[in-house]
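Have a look at the structure below before the remarks.
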Amino acid sequence: MSKKILLDKINIEGIKSFDVYRANGGYASVEKALKMAPNDVIEEVKKSGLRGRGGAGFPTGMKWSFLDKKSGRPKYLVCNADESEPGTFKDRYLMEFIPHLLIEGMIVSSFALEANLSFIYVRGEFRWIIKILEQAIAEAKRAGFLGKNILGTGYDLELVVQTGAGAYICGEETALLESLEGKRGLPRIKPPFPAVVGLYGMPTVVNNVESIAVVPWIVLNSGEEYAKVGTAKSAGTKLISACGNINKPGVYEIELGLPVEEFIFSEEYCGGIANGKRMKAVVAGGSSVPILPTELILKTAAGENRLMSYESLSDGGFATGTMLGSGGFIVYDEDQCIVRNTWNFARFYHHESCGQCSPCREGTGWMERILHSIENGHGKMSDIDLLWDVQRKIEGNTICPLGDAAAWPVASAIRHFREEFEWHVMEPKECMNRNYGLREKSIMSIA
Amino acid sequence: MIKVTIDNIEIEVAEGTTIMNAARQVGGKIVPPAMCYYTSLKGSGGKCRACLVKVAQGSAKDPRPMPKLVASCCTNAQDGMVVQNITSPDVVEARRGIVEMLLVNHPLDCPICDQAGECELQNFAFDHGLEKTRSDFHRREFDPIDIGPHIKLHMTRCILCYRCTMVADQLTEERVHGILWRGEKSEISTYIQKAVENDFSGNMIDVCPVGALTDRHFRFRNRVWYLNPMDAHRDCKKCSGKVVLWLRGEEVYRVTGRKDEVGEVKEFICNECRWDHFDVKDWKVEGPREMEKWSVITANKYSDEAVELPDELYSKLNNEKWNEFEGVT
């Protein structure tokens with residue numbers, strides 16, 4: 001068994017409740033942290049080498065140290081629990097089964113950032129999780145870990161759970177802040193960054209659920225200890241939500257640096273490809289990262305084993321690599337249609353584009369329509385080149401990364417599976433039969 | 001003062017000036033096109049991405065180039081910054097993409113659009129666009145609606161620059177006008193089609209870069225290039241009273257604010273000036289107005305000599321578009 005940091009207590013009966021969580025060593029980090037100086041906690045996180053778990057992988061300690069503390073303005077910590085990337089469901093798992101870990105992390109992190117009011121922005125569809133979190137907050141408050149004068153140290157903290165209305169764009173940090181302020185969830189133009197001008201114009205730190213949930217362990221066991229886990233550039237463990245055509249889909253905590261091959265085929269994790277099929281492709285970090293074919297996900301272009309870590313997955317840039325992203329690991333077997341999958345992703349980004357800047361607003365819709373026509377047998381050979389050109393004109397030209405996220409899956413699908421697109425154009429009937437024949441058969445069998 | 005180099009032209013500007021405004025101080029071809037940025041509207045800009053430029057050198061202190069193209073309207077110039085606008089192939093390529101994106105859902109009904117001739121999208125597409133459209137999909141459609149007694153909204157033509165909503169926010173008191181829905185389906189609208197009625201609502205028409213918001217009194221009455229724009233003023237209690245009268249013979253067809261060389265109205269006018277005084281006698285006419293940005297309007301009107309088109313425009317017409325038309329026939 002590999003090292004467990006986040007999920008080591010997940011199997012304890014009744015861990016959702018405060019009493020069981022406390023009896024198993026919960027909230028010890030709050031007791032320890034509140035005796036330290038806030039900047040020492042930040043130092044500890046810096047030493048740990050923890051990188052943001054939301055997708056971009058920006059070092060958390062560095063983000064915290066950018067926070068403008070000198071001006072004396074109120075500071076805010078916002079937890080980004082608006083997890084809506086297709087293929088990612090790790091934060092939901094954490095919040096649903098061990099909510100006090102997040103609350104504990106929020107208290108320690110808020111203390112480090114000297115914030116007296118912190119927010120957890122939960123995705124609107126997670127109705128039941130909001131109740132779980134609110135109950136956890138109430139329990140923690142009753143036990144004196146939240147509210148005025150926590151544990152007699154004179155530190156005050158209020159935690160507020162705020163729900164979104166189900167927009168993917170509100171997972172982008174500035175759009176999240178706009179939404180939290182009660183406005184339309186449109187990304188802001190950066191700079192200024194939230195660390196200087198954030199929520200209500202005050203310095204703000206926005207962190208992913210998983211990043212915050214690791215902080216208690218780092219405080220208790222020291223940053224050096226955390227840096228020992230994983231690889232040199234990707235410290236620690238990461239939750240991977242594996243899904244697709246595998247035998248054992250679910251959320252796994254892995255030590256970063258685990259070989260991809262072991263993760264997919266070992267019994268401890270995914271357990272191999274379902275129904276004895278062969279693997280065709282993998283999306284390694286949620287829908288927005290480039291899709292890779294089997295030979296490139298298992299081995300890098302240089303022939304080394306690919307590992308589950310930030311640097312190994314992105315080895316070779318976007319030509320032959322991908323990204324760890326948010327850890328949404330989607331595996332496709334040989335029967336899956338890449339064009340159909342790409343169209344499905346494009347449809348998602350078309351639906352979720354906020355419509356603020358023109359390349360993303362118009363380009364995502366355009367890409368979806370081209371892919372739809374190719375998928376349904378109305379495509380032309382020139383459409384593939386057109387699609388390539390359209391994605392290239394979206395990427396990098398938008399306000400927020402949603403444009404890039406929409407462009408990358410399309411680009412990588414064409415880059416690695418061009419012959420499949422061409423086959424769709426040449427044999428429209430056959431591809432329709434293959435992709436939709438299955439559904440027709442099942443409908444007939446029901447009738 | 002800081003020194004910025006834009007397309008190999010060095011200029012000194014005040015600190016805190018955006019790249020766009022620095023370029024505007026130089027003027028001419030190096031000014032990036034702006035479809036959404038409007039100097040007098042706070043918070044505008046950054047949305048259309050038409051003004052993307054390449055920063056080849058960040059500043060004198062930190063000479064690294066910026067990794068992506070940046071929107072010049074909302075990026076401040078730094079001392080020693082080197083900016084490439086039309087000299088960078090990346091920027092030209094990106095802009096071609098932006099034109100294409102803006103036109104993907106634009107109806108291209110210029111022959112019946114009142115904005116034709118003074119349309120920023122037309123100019124932008126002519127300067128930076130492709131000759132042909134590559135999208136043959138169904139375009140976004142909306143029914144034209146009346147917002148208030150004076151303004152017609154053609155959402156189909158809208159490029160969602162958000163300028164008119166900022167006018168509604170910043171010039172007028174009661175906000176009943178904003179954006180509904182999300183993404184491609186976004187729609188400028190009034191709250192359950194409530195009329196926009198306030199003294200400065202007419203400025204929404206002036207700030208609209210395309211023909212999405214048009215003047216209901218002027219609709220389909222004339223083409224702008226048949227009219228003679230004249231500077232005029234009157235004593236007005238609400239606004240400066242400085243306007244442009246659009247005349248044909250003695251008849252005033254419409255009244256608008258005065259647009260400067262970059263196409264922005266500096267002094268917004270009230271609805272009374274705009275719609276209640278269609279008699280020349282109400283105005284003190286100052287003289288003909290030169291329209292630099294929309295030369296099609298004033299060309300060959302105020303002088304006996306024919307105005308020559310610039311050579312580069314001729315060559316563009318000759319080489320690309322004309323030959324294509326001949327090929328068709």
Side-chain angles (χ1 to χ4, degrees), chain A residues 165-170 174-175 183-192 347-373 378 380 382-383 385-387 389-404 406-407, chain B residues 18 35-37 43-54 66-71 73-76 90-91 93-106 121 124 130 133-140 158-162 165 178-188:
Chain A
Y168 174 68
I169 189 64
C170 291
T174 52
K183 301 177 193 157
R184 275 171 75 83
L186 302 179
R188 293 177 187 165
I189 293 154
K190 288 184 268 190
R347 195 177 54 156
F348 173 80
Y349 289 111
H350 175 207
H351 183 251
E352 295 295 347
S353 168
C354 78
Q356 193 180 200
C357 61
S358 42
C360 175
R361 178 184 67 230
E362 312 291 354
T364 49
W366 195 4
M367 287 201 302
E368 196 230 308
R369 285 182 205 114
I370 298 171
L371 279 160
H372 184 259
S373 73
H378 310 298
K380 298 188 286 287
S382 61
D383 282 349
D385 292 326
L386 176 61
L387 199 56
D389 202 44
V390 173
Q391 69 80 16
R392 216 163 49 89
K393 286 186 171 148
I394 300 174
E395 191 201 339
N397 292 343
T398 52
I399 295 176
C400 80
L402 195 141
D404 302 344
Chain B
T18 57
M35 305 295 293
C36 67
Y37 175 71
S44 68
K47 295 181 173 62
C48 67
R49 317 305 281 175
C51 66
L52 289 176
V53 291
K54 188 174 186 175
M66 291 192 183
K68 288 181 185 176
L69 302 181
V70 296
C73 63
C74 46
T75 309
N76 280 354
D90 292 351
V91 172
E93 184 69 18
R95 249 176 228 167
R96 195 170 287 165
I98 304 292
V99 175
E100 212 172 10
M101 299 296 179
L102 288 175
L103 293 179
V104 162
N105 276 315
H106 194 76
L121 187 58
F124 182 39
L130 292 166
T133 172
R134 295 191 292 174
S135 160
D136 51 1
F137 295 103
H138 196 84
R139 284 158 199 254
R140 185 178 55 185
C158 180
I159 57 162
L160 287 165
C161 67
Y162 288 59
T165 63
I179 297 199
L180 302 179
W181 316 123
R182 183 176 71 197
E184 214 183 31
K185 295 184 186 68
S186 305
E187 191 179 336
I188 305 278

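As the structure is a prediction and not an experimental result, all values here were calculated from the model. A, B, ... follow the sequence lines: proteins, then strands. Residue 1 opens every chain.
Only the side chain of B:Asp136 has a heavy atom closer than 4.5 Å to any heavy atom of chain A. In this structure, the portion of A:Ser373 lying under 4.5 Å from any heavy atom of chain B is its side chain and not its backbone. Looking at B:Ser186, only its side chain comes within 4.5 Å of chain A, counting heavy atoms on both sides. In this structure, the portions of A:Glu352 lying under 4.5 Å from any heavy atom of chain B include both its backbone and its side chain. Looking at B:Leu103, neither its backbone nor its side chain comes within 4.5 Å of chain A, counting heavy atoms on both sides. Heavy-atom distances place the side chain of A:Leu186, and not its backbone, under 4.5 Å from chain B.
Nearest heavy-atom pair, B:Met101 versus A:Trp366, reported as atom, atom and distance to 0.1 Å: SD-CE3, 4.1 Å. When all heavy atoms of B:Leu160 and A:Arg361 are compared, the closest pair comes out as CB-NH1, 3.2 Å. Minimum heavy-atom separation, B:Gly46 to A:Ile189: CA-CD1, 3.8 Å. When every heavy atom of B:Leu180 is checked against every heavy atom of A:Arg184, the shortest pair comes out as C-NH1, 4.1 Å. Closest non-hydrogen pair, A:Ala167 versus B:Arg182, comes out as CB-NH1, 3.3 Å.
Atom SG of A:Cys354 and atom NZ of B:Lys47 lie 9.0 Å apart (nearest 0.5 Å). Atom CD of residue B:Glu100 and atom OG of residue A:Ser358 lie 12.0 Å apart, to the nearest 0.5 angstrom.
Highest contact tally toward chain A, considering only B:Thr75, B:Asn76, B:Leu52, is held by B:Leu52 [criterion: heavy-atom pairs under 4.5 Å]. No other option in A:Pro191, A:Gly365, A:Pro359 has as many heavy-atom pairs under 4.5 Å with chain B as A:Pro359. The choice from B:Cys48, B:Gly183, B:Gly97, B:Ser135 that makes the most heavy-atom pairs within less than 4.5 Å of chain A is B:Gly183. Of the residues considered (A:Ile370, A:Thr364, A:Ile169), A:Ile370 shows the highest number of contacts with chain B, using heavy-atom pairs under 4.5 Å.
Formation of a donor-acceptor pair under 3.5 Å by the B:Arg134 side chain with backbone atoms of A:Asp383 is not found in this model.
Considering only heavy atoms from C-beta on, B:Glu93 comes within 4.5 Å of A:Arg392 through its side chain. Taking the side chain as every heavy atom from C-beta outward, B:Arg49 and A:Ile394 never approach each other to under 4.5 Å. Using a 4.5 Å heavy-atom threshold, the side chains of A:Asp404 and B:Lys68 count as touching.
Ionic pairing of A:Glu362 and B:Arg139 is not present here: no N-O contact between side-chain nitrogen and carboxylate oxygen is shorter than 4.0 angstrom.
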